[in-house]
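Values below: all heavy atoms of this structure, side chains included; hydrogens, waters and symmetry mates excluded. Naming: A, B, ... by sequence-line order, numbering from 1 per chain.
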Amino acid sequence: MLKALIKLEFHKNFFYYLTLFLFIFFWTFSCYYALSFYSLAIENFIKKSQNIEIYLFSNDKNLLDRIKKDLQAFVEFKKEIDSKALKKQIFEEVESTNITLDEELIPKVVIYKIKNYEYLQDIDKILKQFNNIYYIIEKPPISPHKLPFISIGLGIILLIFFLLYLALSFILIKLLMLRTEEETKTFQLLGGSIFKINLAKILVLYLFLLISTFLSIFLIYLINEKFKLLESLFNINIKTIDLKILSLVFLQIFIIQPLFILVLSKKC
Amino acid sequence: MPLITLERVTKIYPPYFRALNNISLSIEPGEFVLLTGPTGAGKTTLLKLIYREEEPTDGEIFWEGLPYSSLSYNDFLKIRRKMGIIFQDLKLFEDLSVYENIKLSLDLAEISLPKKRAEVIIYDYLERFDLSLKANKKVKFLSGGEKQKVGFIRAIIRDPDYIIADEPTGNIDPLSIKEILSILKELNQKGKTVLLATHDPIIIQQVEAKEIYLHKGELIPKC
């Protein structure tokens, strides 16, 4: 019976399944890139929000060395009391060069990068102790305090995207059920149990969704590997098989598809 | 005890079309009943009420003394599995082959036969109706008469206890009509109950059966 039902299902609803497949493919495709951009954006924000750049301007090399020592002492002190600081380099001398400032040649400019935003106040205090130094502290464009809001905002956009997918899928599946309502009625008139009939339909649908998911992911893999789409369009390199892909597979197989089955089973 | 009893059954389709009006009748087990009357008399509606595709607006139908209103969904499934229904609109699965349509009827009736045995029985019937060469053809590619034959085979393949046939001979050639009538008589002689709706006078003449005549939804006593 199942064989005949599968055949009937595919013959009758071929174009419907084709539409559903394209829908799943485009959803998986866009969801993959949305996730990629999401993680890239967050990573970028974190990077930017943790960099404080300090520019020191002075003709006095000794003074610059003293400041450097003071800053290093501060960092060492922080390392001792803050176990987290040990895990990352919090103080880094980037470059030393000469610049012209107000038509006066300043022979020494030292740029320091501090990766701990919370040390900003302390560094400012240290630098204020020196009278003959001109310094600029360049704060990050995004405060780390705003980071959770940015993550949540982007997360909400992703969630809306996901809910939209669920709603559209539900409408599509409901349409499928309506399309085959007449057949279901005939099955019942011939003595077929509606539970078994719907179970067979659900199995067909589940099988189809599984195949579609894997096919979609395989296509994304091919597009990434062969055409380097993301790299050429946005100059971003994302590894194809990574957590994002895996999370999509798990999302489809263990959350979305069982959800469909649950909804459809309620109709049985 | 009668197999089917209708007590003052009325069926009204919205907005207000009285398809059946106050019908009372009974059908005994093993009877051959001819349901006759002109087109639009209410024959199909009466059959639909019996196999519960539709429910009456008023009145009650009894199956072996039990009112339909007291029967559960599963009870109806069990009854339908013992029925062989030939629908007026055939209700075939157009995208399945002739063989698959017939086999599905066996499966839905939960008749488990060995694959080979089922194949032999199906092909036997197909040969009787000159359809064996079209067994693997999709139903949608068949002519109207061929479809009607498939609908007939699908109904009787499950060896039903009750046969409900709604105009089963509309587009069929005289030879096949003869074959259908002979099978129905044969089944009736084996004790099966047959309820045949037709307006074809030739069939009415050829079958010796209890006749129920309907006209504009009313039961007309035959003189």
I'd like to know whether NZ of B:K82 has more than 12 heavy-atom contacts from other residues, nucleotides or ligands below 6.0 angstrom. no
Can you tell me which portion of B:L77 sits under 4.5 Å from chain A's heavy atoms? Options are side chain, backbone, both or neither. both
What part of B:E110 gets within 4.5 angstrom of chain A, counting heavy atoms only: side chain, backbone, both, or neither? side chain
Could you tell me the separation between the CD atom of A:E183 and the CG atom of B:L96, rounded to the nearest 0.5 Å? 8.0 Å
Should the heavy atoms of other residues, nucleotides or ligands under 6.0 Å from NZ of B:K210 be counted, would the total exceed 12? yes
Heavy-atom pair of closest approach, residues B:E53 and A:K185: OE2-NZ, 3.3 Å
Testing B:M83, B:R80, B:R154 for side chain to side chain contact (heavy atoms under 4.5 Å, CB included) with A:L190, which one passes? B:R154
Given the options B:K78, B:E94, B:R52, B:R158, which has more heavy-atom pairs under 4.5 Å with chain A than any of the others? B:R158
Bottom line for B:F76: the part with an atom under 4.5 Å from chain A's heavy atoms is neither
Mind checking the OG1-CG spacing from A:T186 to B:D89? Nearest 0.5 Å is all I need. 8.0 Å
